[in-house]
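My questions all concern the structure below.
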2 protein chains.
Amino acid sequence: MRAIVFDQELRYGTDYPLPETKPGWARIKVRLAGICRTDLEIMKGYMGFTGIMGHEFVGVVDRCDDAAWIGRRVVGEINAACGNCAWCDRGLGRHCPNRTTLGIDRLDGCMADFCMLPTANLFPVSETISDERAVLTEPLSAACEILEQLPLSGTERIVVLGDGRLGILCAWALATAAADVTIVGHHPEKLDLARWRHIKTVLHEEEIESGADIVIDATGSGQGIARAMSLCRPRGTIVLKSTIALQGDINLSPIVIHEQTVLGSRCGRFGDGMAMMRDFPDMPLEKLITGRYALRDAEKAFERAQQRDALKVLFDLEMA
Amino acid sequence: MRAIVFDQELRYGTDYPLPETKPGWARIKVRLAGICRTDLEIMKGYMGFTGIMGHEFVGVVDRCDDAAWIGRRVVGEINAACGNCAWCDRGLGRHCPNRTTLGIDRLDGCMADFCMLPTANLFPVSETISDERAVLTEPLSAACEILEQLPLSGTERIVVLGDGRLGILCAWALATAAADVTIVGHHPEKLDLARWRHIKTVLHEEEIESGADIVIDATGSGQGIARAMSLCRPRGTIVLKSTIALQGDINLSPIVIHEQTVLGSRCGRFGDGMAMMRDFPDMPLEKLITGRYALRDAEKAFERAQQRDALKVLFDLEMA
């Protein structure tokens, strides 16, 4: 089969073996696969991953020992939990210490004709949801995770720092539950695109009123937390939405002085992302799609994904 | 009157003017005053403070327009709130943006024969509590703040990093509400002293089982947070108890990956600290007192407070 593999460098090939089926797992014929920031990090050595790249997809189940799955269009949660530990018992398989992760940690990913996931990870996609929307379930669920961790009354003043895919999705997810959401970014065209409901947009260099109840750092840069601390009110909450390595000296004293809460927030539950797609069909998810590429054009696609104006770059497995 | 003043350098003098009384404020004759880590930071320029040092005290009200206060032995909360803003209205005067702070920010402190505070800040000290215990109300209340911010079920596994005054007080406060508390430090003699109830003590270089529900960083160093991240379980809570400036590169990704909560925790309510003193008369607070000095021996006292084995150094205003 065709696949994009990372092993010191990115390679496209056509002769990778089809994955074997195994009990409790499904083999999925991929239709669309997305490039995520994490993929770009993997290419710099993140997680020491080698294998088939990719963890965002929509596809159709091709083989499975449970026949009910065969032929169903699905998306899938990316962490394959062990199912036997205390975390799994508590329904928090996402934190299972023995988990493997699709295209990220010891499990071949979805930038290929076929990929494998436990059936427990799969979610059928309803007919009303297009492939282009369904492929965004993973990042949208990651945005929804904030709502699960931090129940909102709706009256909070919220600032989202970062106008990348994740920042925009966070702003949209939060705008479903709160009236006063501002997104701050460097790119006027991305901010334009982020407008939905009553979301306000502000350029990074403009002044923003401080005292926000909640500040989301989705900048993906080490600078975001400093601005988040200064914009957040005493006893307010800062949500760290991207894995960041702070570089250079940083004074975390404001967190203590103002008794702010910093909340790490990672992946979300696919059920939440899918419910949001269903409940908010006008959420302009398709606008996030910057381009579609054939798998063989891996190099071009990854180049495009790294350009400053890019949002979501997709591989279309039906393109030759 | 006698006073210890900081203005570029530390000075002891005997000819400072007595503070004037003003409506709503009390003048307090100081009996004991403590040296806090914050005082040492002020001497390095923290808050740009100049004036009479000190914010930990026990004393007797000497003058006040409300005669009911005169002659009462008191301790006092250190933030003089404006009383007119949204924070003050919500009972969170500690976060009032217009507040001044005793011996820290635009308000002369208590390392003097007399100091001034609003009567709203004062707490009468019951006869059963000695001066030596009462003078520790401020740091004990700061430790109690954790219990206010983070209600405990009692079954949590808690690790306190740091065997300084604040670390020990945090361990003691937490041990009143949870059974499994471990304190980690560099100093065997301080760890010995920290033993109370079932608190376990561990030397810094020893291995500690990770997966703690709650980790308190009271190290006062930039290294504490890295160890806290590694000891804390997924979805656990890290409490930052000291204002820290992180130096050099630090990877905060574990907070996001493990969805940990970081909680900044500062001063507490004196009522909580006093209630704890009343309810736990066996809490060995006096053990924290390293030495007592006359105000004129300011230099010696501050030197002593900076030694590695020092815990709480007091000024005794009755010593000549």
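Naming convention: chains lettered A, B, ... in sequence-line order (proteins, then strands); numbering from 1 in each chain.
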Heaviest contributor of heavy-atom pairs below 4.5 Å to chain A, chosen from B:Ile257, B:Ile238, B:Thr237, is B:Ile257

Nearest-0.5 Å distance that lies between atom CG in A:Leu252 and atom CG in B:Leu252:
7.0 Å

Under the 3.5 angstrom rule, does the side chain of B:Glu259 hit a backbone N or O of A:Arg266 as a donor-acceptor pair?
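Indeed, once roles are kept as given, a pair shorter than 3.5 Å links the two residues.
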
Heavy-atom pairs under 4.5 Å with chain B are the metric here; pick the option from A:Glu145, A:Lys241, A:Arg235 that has the most.
A:Arg235

Residues B:Thr261 and A:Thr261: closest non-hydrogen pair is CG2-CG2, 3.5 Å

